[in-house]
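We number each residue from 1, following the sequence as shown. Nothing here was measured: the structure is a model prediction, and the numbers come from that model.
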Amino acid sequence: MKIGFIGLGIMGKPMAKNLIKAGYELVVSDRFAKAVVEELVVCGATAAETNAEVAAQVDILITMVPNSPHVKEALFGENGAAETLKPGSIYLDCSSINPVASREINEELAKKGVDMMDAPVSGGEPKAIDGTLAFMVGGK
């Protein structure tokens, strides 16, 4: 199973590293953190230039970005992940976003046959680093 990860900031970077340590194939992208992308490549990830390129290669896509507009941009903006998400794939949003935005995103992705799980996390950077975040997941 191949996982895509978009958003490699304070929370996303350690989450991605823990997925690599657990043995998952990971494809990563972050348009603002190219040095972190390279760091994760050294750890075993594959780099992608765009979010669409990430989504085209994976079965599960995870985003961990600051807020609702960032999630929508990652999915539906230029070279957005939604362009290439395959039917039957799963999208997990770990960002803390507006529930209305989550419903809107879910409706759009459902048209493509993609299941969305709203999965914000609790525990902050220390728990992201040690791999003990609490996930609050909602979805089908």
Side-chain angles (χ1 to χ4, degrees):
M1 175 179 310
K2 209 179 232 189
I3 299 173
F5 207 107
I6 297 169
L8 303 169
I10 291 170
M11 297 294 288
K13 175 182 164 181
M15 290 170 69
K17 280 186 168 185
N18 282 323
L19 288 168
I20 295 167
K21 286 179 195 171
Y24 290 99
E25 270 189 89
L26 202 65
V27 181
V28 297
S29 174
D30 190 311
R31 66 183 192 172
F32 300 111
K34 297 297 183 189
V36 176
V37 169
E38 291 307 315
E39 181 181 339
L40 289 170
V41 166
V42 170
C43 294
T46 300
E49 288 296 317
T50 67
N51 296 340
E53 189 180 317
V54 172
Q57 300 178 58
V58 301
D59 307 298
I60 297 173
L61 177 67
I62 301 170
T63 52
M64 175 51 107
V65 296
N67 55 38
S68 302
H70 291 97
V71 173
K72 287 183 175 182
E73 177 66 25
L75 292 170
F76 306 115
E78 184 178 343
N79 294 310
E83 291 177 19
T84 56
L85 277 170
K86 297 173 274 224
S89 60
I90 298 169
Y91 169 60
L92 242 76
D93 178 38
C94 295
S95 315
S96 296
I97 70 171
N98 183 309
V100 173
S102 286
R103 283 191 291 275
E104 292 169 354
I105 292 166
N106 179 57
E107 288 171 10
E108 285 303 308
L109 293 179
K111 294 174 187 174
K112 296 180 60 69
V114 175
D115 289 326
M116 178 183 176
M117 312 248 331
D118 179 33
V121 299
S122 176
E125 183 182 13
K127 298 296 184 182
I129 291 169
D130 69 20
T132 60
L133 287 169
F135 286 75
M136 294 146 285
V137 183
K140 283 188 188 179

Connected via hydrophobic side-chain network under 4.5 Å: I90 and V27
no

To check you understand the geometry: which heavy-atom pair defines the closest contact between C94 and I62, and what is its length?
SG-CG2, 3.9 Å

With rounding to the nearest 0.5 Å, note down the distance linking CD in E25 to CD1 in I20.
11.0 Å

Taking every heavy atom of G4 against every heavy atom of V54, the minimum-distance pair comes out as CA-CG1, 3.6 Å

Do the side chains of N79 and N51 get nearer than 4.5 Å, heavy atoms only?
no

Main-chain N/O of I60 paired with K2 side-chain donor or acceptor, under 3.5 Å
no

Nearest 0.5 Å, please: how far is NZ in K34 from CD in E49?
5.0 Å

Under 4.5 Å between side-chain heavy atoms, hopping through other hydrophobics if needed: is there a path connecting I3 to V37?
yes

Is any side-chain heavy atom of L26 less than 4.5 Å from a side-chain heavy atom of L40?
no

Using the test salt bridge (Lys or Arg N to Asp or Glu O under 4.0 Å), find all partners of D130 that sit at least two apart in sequence or belong to another chain.
none

Do V28 and M15 share a hydrophobic cluster, counting only Ile, Leu, Val, Met, Phe, Trp and Tyr and linking them when any side-chain heavy atoms are less than 4.5 Å apart?
yes

Looking only at heavy atoms, the pair that brings L109 and A82 closest together is CD2-CB, 4.0 Å

Is there a path of hydrophobic side-chain contacts, each under 4.5 Å between heavy atoms, that joins Y24 and M117?
yes

With a 6.0 Å cut-off (strictly less than), is the heavy-atom count around CZ of F76, excluding the residue itself, greater than 12?
yes

For a quick test of reading the model, state the closest non-hydrogen atom pair linking F5 to L61 and the distance between them.
N-CD1, 4.4 Å

Just verifying a value: how many Å separate N67 CG and E73 CD, rounded to the nearest 0.5 Å?
11.5 Å

Rounded to the nearest 0.5 Å, the CG atom of N18 sits from the SG atom of C43 at a distance of 10.5 Å

Is it the case that the side chain of K86 and the backbone of V58 share a donor-acceptor pair, with hydrogens and angles ignored and the cut-off at 3.5 Å?
yes

Taken to the nearest 0.5 Å, the spacing of L92 CG from F135 CZ works out to 7.5 Å

Note: I6 and A74 closest approach over all heavy atoms is CG2-CB, 4.3 Å

Side chains of V121 and M64 in contact at under 4.5 Å (non-hydrogen atoms)
yes

Using modelled atom types only, decide if a donor and an acceptor are shared between the side chain of T84 and the backbone of A52 within a distance under 3.5 Å.
yes

Answer yes or no: does atom NZ of K112 have more than 12 heavy-atom neighbours from other residues, nucleotides or ligands under 6.0 Å?
yes

Could you pull out every donor-acceptor pair under 3.5 Å between side chains of residues 97-107 and any protein atom, sequence neighbours left out?
{"unit_1": "N98", "atom_1": "OD1", "unit_2": "V100", "atom_2": "N", "d": "2.6"}
{"unit_1": "E104", "atom_1": "OE1", "unit_2": "K72", "atom_2": "NZ", "d": "2.6"}

Can you give me the closest heavy-atom contact between D30 and G9, atom names plus distance?
OD2-N, 4.2 Å

Just wondering, do L133 and M11 contact through their side chains at under 4.5 Å, heavy atoms?
yes

